[in-house]
Novice: 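Take a look at the following structure, please.
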2 protein chains.
Amino acid sequence: MSGPPPKGWQAIQDEVLRRIHARDWPPGHVIPGEVDLAREFGCARATVNRALRALAEAGLLERRRKAGTRVALHPVSRATVEIPVIRREIEDRGHAYGYSLLERSLAPPPAGPRATLGPGPALHLTALHSADGAPYVVEDRWISLSTVPAAHDAPFDRVSANEWLLAYAPFTHGDIAFSAEAASDSQAELLSTAPGTPVFAITRVTWDHTRAITVVRLIYAPGYSIHSVIGGMSADPRAAS
Amino acid sequence: MSGPPPKGWQAIQDEVLRRIHARDWPPGHVIPGEVDLAREFGCARATVNRALRALAEAGLLERRRKAGTRVALHPVSRATVEIPVIRREIEDRGHAYGYSLLERSLAPPPAGPRATLGPGPALHLTALHSADGAPYVVEDRWISLSTVPAAHDAPFDRVSANEWLLAYAPFTHGDIAFSAEAASDSQAELLSTAPGTPVFAITRVTWDHTRAITVVRLIYAPGYSIHSVIGGMSADPRAAS
DNA sequence: CCGATTAATATGTCTATACATAATTCCATG
DNA sequence: CATGGAATTATGTATAGACATATTAATCGG
C-alpha cells in the first residue's frame, strides 16, 4: 500500500512536515538552522536546503536570510489550477471534440478589451466548442493584430484560435479570472439553456513581454466546475492518477 | 527600470526561456543535455539542473531520464490561486471585516457531505462574512466530530470555523472546486440579492491524512471573482506588489 | 539616547565529483 | 523474428567546501 520510506531530501521534507503537523514546531516558530538540521539528519546542508526550499515554495515555511526559517503563520493554501487547451480538456474526458467558428470580423474592440489591446482594429472571433455534440463553451476573443499580424490571414474555421495562438503566438505571461455570470441571450442560445442561467466564466489576457496578444472570455455550459488539489506535497504530475 | 541582468541559474533559465520563445527550440524539441549546456554556459551541471528543473516544474519542459529534456508540446499553463483566510482576504482589500454565526447544530450530514464525512453526527455551521457591513460570503460547513472532537465545545460565535480550524485542526491536503451557481432563497436573502442570481461558489474538502476534517461551501456575493497570474516565471511572492 | 558603522550569521548559490536510477538501445540467444 | 537482458546514457540526488548576500545585532561616536 504505502510505498517504501522515502530517502534523501524527501525524507527530510516529510519529517519537517510531521513536526509542523504535530505542533512540535507551531506556526511562527523559528526552526533550527540548516547546519543544525544537517547535523541532526546526518546529511549535507544542501540536502536540508533542498527540502526546506521546497516547503517554502509550497507556502508552509517562510525563509529570510539571517532571520532563519519559520513556520508560516497563515498557511496560505495555494491551489494549482491546470488550464489545458479546450480540445484536450474535452478529449481527456473521453468525449468527441467539436468546434465551429461563429463570427470572424475586424473591428475596434469595445471598452473592456480596448483597455489592454489599444484602440486600433483587432480581430474579433466568436466560436463554440462542443463535447459529444453538446455545447461546452462559448469563446469570445479579441486578438491584437499589431502583436500578431499573422492572425489576419488565419481562417480559424478548422483550428480554433485557442490552439492556433499557442502555436504561432506563445505568451510569456498572462492574467486569468474566474467568475460567475448570467448567460446573455446569445450565450444562452448557443449553450442550449435559458437566458440568465448562472454560467462559469473565465476571462484571460495573455502577453508577449509588454505587448498584449489576446483577450478572451470563455463562457462554459451550466454545471461546469474547475477542480484542483491543495496542499498535497506530492505535487508530482504522475501522482494525479 | 529593468533590474541588473540576472546571474547564476536564473540567467540560464532566462536564456533557455528565450530560446523556447524565439523558436530556436520549438515545442517537442529535445534540447541539449545538461552536460552540454553546462559546458556552453561555463558553469557546473548542478546549476543547469537547477534552471531546467524550475522550468520543468513550471510546465514548460518535460524531463525524463535517459530520454532527455524536451520543450513541452502543450505548455500547460498553471494558474496558482491563493486561498487566504476570509478575514485576511477582506482586510487585505482594506475593508472592515465582519462575522456572524447564523446557525450551529449537531446533525447527520446530508448526502453530499456524508459521502466524505461518514454517516455519524457532524457539526453544522452557517455563517456570514461581511466587508464594510456588506455581505461578502455565506459559509455553509460540516465538521467531522470524530476527526475534530474539540469542535464540539467551540462556540464559533466570535471566531469563524474558517480560522479556528486552521489553528486547531490543520489539514494535510484538500480538494477544491470552483463553480457558478444560482443563489438559493436563503442565500439570496443573506447576500442581499435576488434568488437565482448567479453566484460564485467554492466547495472545499480538507483532510488530515486519511480522515476528513470538514466540508465547506462558500457562496460569494454577486460580482466576486478570483484572479491569478499564469506563466510569470517570477513566481516570487515579493513580486506581487 | 540616537544614529551610523561594523561584525556576526543564516540562507542563497556555485563548484566538482560521485553514485543512483530510470529508460532507451542494442545484442545475443532461443 | 521475438525476447530477455546487458550496456549505455541523461537526469536525479548527494556531498563537502566555498563564497555571496541580506539582515539582524552589536558597537562606537556624537
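Computed from heavy atoms alone, side chains included, the values below leave out hydrogens, waters and symmetry copies.
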Novice: Under 4.5 Å between any side-chain heavy atoms of Phe156(B) and Ile143(B), yes or no?
Specialist: yes
Novice: Please walk me through it: do His209(A) and His173(A) pass ring-ring contact (aromatic ring centres under 6.0 Å, His included)?
Specialist: CA-CA 7 Å; His209(A) 296 96; His173(A) 63 288; 8.0 Å; no
Novice: For His29(B), check side chain to side chain donor-acceptor pair (under 3.5 Å) against everything at least two apart and list the hits.
Specialist: none
Novice: Where do Tyr99(A) and Arg158(A) come nearest, in terms of heavy atoms and distance?
Specialist: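 Minimum heavy-atom separation between Tyr99(A) and Arg158(A): CD2-O, 3.6 Å.
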Novice: Could you check whether Glu15(B) pairs with Arg18(B) (Lys NZ or Arg NE/NH1/NH2 to Asp/Glu carboxylate O, under 4.0 Å)?
Specialist: yes
Novice: Starting at the 5' end of DNA chain D and moving along, which residue's nearest nucleotide shows up first, Trp9(A) or Thr69(B)?
Specialist: Thr69(B)
Novice: Give the rounded distance in Å between these two atoms: CD of Gln10(A) and C1' of dA20(C).
Specialist: 14 Å
Novice: Does Thr47(B) have a side-chain nitrogen or oxygen under 4.0 Å from the phosphate oxygens OP1 or OP2 of dT13(C)?
Specialist: no
Novice: Would you mind reading off the distance between Arg50(B) atom CZ and dC14(C) atom P, rounded to a whole angstrom?
Specialist: 8 Å
Novice: Between dT15(C) atom P and Arg45(B) atom CZ, what is the distance in whole Å?
Specialist: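 It is 13 Å, rounded to the nearest whole Å.
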Novice: Show which side-chain atoms of residues 37-60 of chain B pair as donor or acceptor with protein atoms under 3.5 Å away, not counting sequence neighbours.
Specialist:
| unit_1 | atom_1 | unit_2 | atom_2 | d |
| --- | --- | --- | --- | --- |
| Arg39(B) | NH2 | Asp36(B) | OD1 | 2.8 |
| Glu40(B) | OE2 | Arg19(B) | NH1 | 3.4 |
| Glu40(B) | OE2 | Arg19(B) | NH2 | 2.5 |
| Arg45(B) | NH1 | Glu34(B) | OE1 | 2.6 |
| Asn49(B) | OD1 | Arg53(B) | NE | 3.4 |
| Asn49(B) | ND2 | Glu34(B) | OE2 | 2.9 |

Novice: Considering all heavy atoms of both residues, which atom of Leu125(A) and which atom of Leu101(A) are nearest to each other, and what is their separation?
Specialist: CD2-CD1, 4.2 Å
Novice: Of Gly8(A) and Gly68(B), whose nearest nucleotide on DNA chain D comes first from the 5' end?
Specialist: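 Final value for this comparison: Gly68(B).
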Novice: What's the CZ-C1' distance between Arg64(A) and dT9(C), to the nearest Å?
Specialist: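 Those two atoms, CZ and C1', are 14 Å apart.
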Novice: Would you mind reading off the distance between Glu34(A) atom CD and dA10(C) atom P, rounded to a whole angstrom?
Specialist: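 So the CD-P distance, Glu34(A) to dA10(C), works out to 10 Å.
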Novice: Could you give the CZ-to-C1' distance, from Arg65(A) to dT11(C), as a whole number of Å?
Specialist: 6 Å
Novice: Taking 5' to 3' order, which nucleotide of DNA chain D is first and which is last to have an atom within less than 4.0 Å of a heavy atom in chain A?
Specialist: dT13(D) to dT24(D)
Novice: Rounding to a whole Å, what distance do you find between Arg39(B):CZ and dT15(C):P?
Specialist: 15 Å
Novice: Between C1' on dA10(C) and CZ on Arg53(A), what's the gap in Å once rounded to a whole number?
Specialist: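 Distance check: Arg53(A) CZ to dA10(C) C1' gives 15 Å.
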